[in-house]
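Data block below; observations after.
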Amino acid sequence: MTATHGVTEDDLRRWVRLAGRAPSAHNTQPWSVRVVDGRIEVGVVPGRMLCAGDPSSRDLLLALGAWVESAVVVAAADGVGLDVTPTPVLDRLDDLPVRGPADPAHAVLVLRPTASPAATPFTPADVRERRVNRGPLLPAPDLRAGAPELPAWLRMLQVDDPAMRRLVRLGTAWTASRPAVAAELVRWLRLSPAHPRYTRDGMTDRMLQLPAWAARVAAPLTRRPALHDAALRVAGLVGRAVEAVDRTRPLPPPPAPGAPLDGPQHLVLVAQTRGVHSATETLDARLGLPPADVVEAGRALQRTWLHAHRAGLAVAPHSEVVDSPHAVAALRRRLGLRRSQVALAVFSVGRPTVPAPVSPRLTDETA
Ligand SMILES: Cc1cc2nc3c(=O)[nH]c(=O)nc-3n(C[C@H](O)[C@H](O)[C@H](O)COP(=O)(O)O)c2cc1C
């Protein structure tokens with residue numbers, strides 16, 4: 001069937017399949033996408049939301065933004081634009097149930113083909129081949145030089161390595177010591193090819209670059225309830241001990257200004273709330289930002305990650321730093337953020353030392 005601007009529904013389905021390579025926290029792929037009457041409707045799958053780890057839906061909205069940006073890049077290669085409209089449902093994510101499939105009547109975003117393709121330097125191959133890399137990263141030039149420009153209300157700030165090490169430890173301790181958050185993470189681990197969802201979603205032993213022995217030891221912990229509960233209890237004890245020590249210590253002193261990096265660069269995506277939105281809008285939103293803006297920030301984040309991929313650099317996200325109240329408070333102090341600024345994402349970037357393994361996708365099965 002022919003749709004708007006000569007775009008067939010097969011084209012739309014092809015774009016949707018490739019956009020499915022977009023990144024999402026824990027590789028939940030929380031989007032549910034339908035092609036209807038020449039447009040693309042994006043919904044949210046309640047059972048793929050991280051209720052414990054992402055209560056503000058920050059990572060969900062960033063992932064939706066990354067999905068949209070990926071679709072826009074793929075459509076642009078066919079000479080087509082995509083007009084993106086948020087629906088009122090996007091502002092009411094808290095009304096969604098905590099489990100189950102997406103409701104087809106409740107799309108959060110609608111994408112309609114237009115005659116003007118986005119001016120993007122990226123290609124469908126970039127969308128397909130971009131990957132997170134959790135291996136060791138070597139120093140690289142500042143990623144921000146030559147990166148696509150950010151909207152005026154977003155900034156990419158750098159945090160120094162000594163601070164980042166402490167913040168990652170605080171964030172990891174927070175994840176480990178909140179049983180619901182840790183259990184949710186474990187639910188998305190697929191540490192052995194015997195896992196029934198190994199090729200579909202979640203994080204595999206290969207993606208996490210676990211040594212074979214570690215995956216063999218840990219895989220049963222994710223599958224056998226008694227072992228799982230015991231492992232979470234131990235992780236909780238260790239996490240609480242680390243948190244108790246680290247939260248009261250000041251961050252280590254920063255390196256001398258201008259000192260060259262001896263490891264990866266650590267970047268923080270920061271959004272400015274005041275002045276851009278009305279006070280009511282921002283107060284209504286849990287993150288202090290309207291959800292549509294967080295989707296927009298997710299688009300900018302994906303452009304930055306695609307730029308890193310193009311530059312031969314690897315990205316390793318560290319959301320635990322913005323999840324943990326202790327870590328995010330210390331981060332805010334280190335960066336000198338104002339109350340009106342929100343840290344949305346933290347990631348390291350550098351020259352990879354090992355190739356990044358491919359992560360599974362639900363949509364790859366039909367590709
Ligand atoms: C908003 C967001 C937050 C993420 N947070 C983390 C994180 O804290 N730690 C991590 O290792 N990966 C994180 N990721 C990366 C995902 O785990 C990754 O995108 C997913 O597993 C798919 O792998 P791929 O990006 O290599 O295709 C995040 C991704 C997004 C979009």
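Here the structure is a predicted model, which is why all the values come from computation and not from measurement. Numbers for residues simply follow the sequence, beginning at 1.
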Table please: side-chain donor-acceptor pairs of residues 61-90 below 3.5 Å, with sequence neighbours left out.
unit_1	atom_1	unit_2	atom_2	d
Glu69	OE1	Arg299	NE	2.8
Glu69	OE1	Arg299	NH2	3.1
Glu69	OE1	Arg303	NH1	2.9
Ser70	OG	Ala66	O	2.7
Ser70	OG	Gln302	NE2	3.1
Asp78	OD2	Arg14	NH1	3.2
Asp78	OD2	Arg14	NH2	2.9
Asp78	OD2	Trp15	NE1	2.9
Thr87	OG1	Val89	N	3.1
Thr87	OG1	Ala107	O	2.6

- Message: Check Arg361 with Asp364, please: is the shortest side-chain N to carboxylate O separation under 4.0 Å?
- Response: no

- Query: So Glu243 and His326, side-chain contact (heavy atoms from CB on, under 4.5 Å) or not? Walk me through it.
  - Reply: CA-CA 9 Å; Glu243 204 176 44; His326 306 304; 3.3 Å; yes

- Query: Is it true that a side-chain atom of Ser324 and a backbone atom of Gly171 form a donor plus acceptor pair closer than 3.5 Å?
  - Reply: no

- Item | For the student: nearest non-hydrogen atoms of Asp91 and Pro291, plus distance | OD1-CD, 3.3 Å

- Pair Asp126 + Arg130: basic N to acidic O under 4.0 Å: no

- Message: Would you say that more than 12 heavy atoms from the other residues, nucleotides or ligands in this model lie under 6.0 Å from the CG of Asp262, or not?
- Response: no

- Considering residues, nucleotides and ligands other than Arg332, do more than 12 of their heavy atoms fall under 6.0 Å from its CZ? yes

- Message: Hydrophobic clusters here meaning ILVMFWY residues chained together by side-chain heavy-atom distances under 4.5 Å, can you tell me if Val168 and Phe347 are in one?
- Response: no

- In short, Pro30 meets Leu60 closest at the heavy-atom pair CB-CD1, 3.4 Å

- Query: With no hydrogens and no angle check, is any side-chain donor or acceptor of Arg190 less than 3.5 Å from a backbone partner on Arg187?
  - Reply: yes

- Message: Just so I know, are the side chains of Pro46 and Arg99 near enough to count as touching, which here means a heavy-atom distance under 4.5 Å?
- Response: no

- Please step through side-chain contact (heavy atoms from CB on, under 4.5 Å) for the pair Leu337 and Val342, ending with a clear verdict. CA-CA 8 Å; Leu337 296 190; Val342 185; over 6 Å; no

- Query: Yes or no on side-chain contact (heavy atoms from CB on, under 4.5 Å) for Leu221 and Leu191, after CA distance, side-chain angles and deciding distance?
  - Reply: CA-CA 10 Å; Leu221 303 179; Leu191 300 185; over 6 Å; no

- Query: Do you know which two heavy atoms are closest between Ala140 and Gly350, and how far apart they sit?
  - Reply: CB-CA, 4.2 Å

- Interatomic distance, OG1@Thr175 vs CD@Glu184, rounded to 0.5 Å, equals 10.5 Å

- Item | Atom of Pro357, atom of Arg206 and distance for their closest heavy-atom approach | CG-O, 2.9 Å

- Item | Electrostatic pair Arg169:Glu320 at N-O distance under 4.0 angstrom | no

- Could you give me the CA-CA distance, side-chain angles and deciding distance for Arg165 and Asp161, then say whether salt bridge (charged side-chain N to carboxylate O under 4.0 Å, His left out) is met? CA-CA 6 Å; Arg165 284 171 192 269; Asp161 193 64; 2.7 Å; yes

- Query: What distance do Arg338 atom CZ and Thr273 atom OG1 have between them, rounded to the nearest 0.5 Å?
  - Reply: 11.5 Å

- Got Phe122 and His307 here, is their nearest side-chain heavy-atom distance under 4.5 Å? yes

- Counting N and O atoms only, with roles assigned by atom type, does the side chain of Thr353 sit under 3.5 Å from a partner on the main chain of Pro136, one being a donor and the other an acceptor? yes

- How about Pro264 and Arg351: do any of their side-chain heavy atoms sit closer than 4.5 Å? no

- Task: Flag the pair Leu111 / Arg39 as yes when at least one side-chain heavy-atom distance between them is below 4.5 Å, and no otherwise.
- Result: no

- Item | Closest approach of Val45 to Ser32 (non-hydrogen atoms, all atoms of both residues) | CG2-CB, 3.7 Å

- Query: For the side chain of Glu9 and the backbone of Val36, is there at least one donor-acceptor N/O pair under 3.5 Å apart?
  - Reply: no

- Test: Arg216 and Asp205 ion pair at under 4.0 Å: no

- Item | Val44 side chain near Trp31 side chain, heavy-atom distance below 4.5 Å | no

- Would a 4.5 Å heavy-atom cut-off, applied to side chains only, mark Asp54 and Arg58 as touching? yes

- Could you give the distance from OG1 (Thr204) to CZ (Arg197), rounded to the nearest 0.5 Å? 14.0 Å

- Message: Do Trp305 and Met156 land in one hydrophobic cluster if side-chain heavy atoms of ILVMFWY residues count as linked below 4.5 Å?
- Response: yes

- Is a side-chain donor or acceptor of Asp11 paired with a backbone partner of Thr8 at a separation under 3.5 angstrom? yes

- Message: So Val268 and Leu335, do their side chains get closer than 4.5 Å, heavy atoms only?
- Response: yes

- Message: Could you see if Val315 belongs to whatever hydrophobic cluster contains Met203? Use Ile, Leu, Val, Met, Phe, Trp, Tyr and a side-chain cutoff under 4.5 Å.
- Response: no

- Message: Can you tell whether the side chains of Arg131 and Glu129 come within less than 4.0 Å, N to carboxylate O?
- Response: no

- Note on the structure: The reported gap from CZ in Arg128 to CZ in Arg17 (rounded to nearest 0.5 angstrom) is 11.0 Å

- Message: Return the CG to CG distance between Asp160 and Leu167, rounded to the nearest 0.5 Å.
- Response: 8.5 Å

- Item | Contact summary for Thr28 and Arg48, nearest pair of heavy atoms | O-NH1, 2.6 Å

- Message: Test your reading of the model: is there a side-chain donor-acceptor pair from Gln265 to the backbone of Leu143, 3.5 Å cut-off?
- Response: yes

- Measure the CG-CG distance between Leu189 and Asn27 for me, rounded to the nearest 0.5 Å. 11.5 Å

- Does some side-chain heavy atom of His228 sit less than 4.5 Å from a side-chain heavy atom of Pro220? no

- Show your working on side-chain contact (heavy atoms from CB on, under 4.5 Å) between Leu344 and Val270 and close with a plain yes or no. CA-CA 6 Å; Leu344 288 173; Val270 174; over 6 Å; no

- Shared hydrophobic cluster, Leu154 / Val346 (ILVMFWY, side-chain heavy atoms < 4.5 Å): no

- Identify whether Val349 and Leu150 are in the same connected component of the hydrophobic contact network (ILVMFWY, side-chain heavy atoms under 4.5 Å). yes

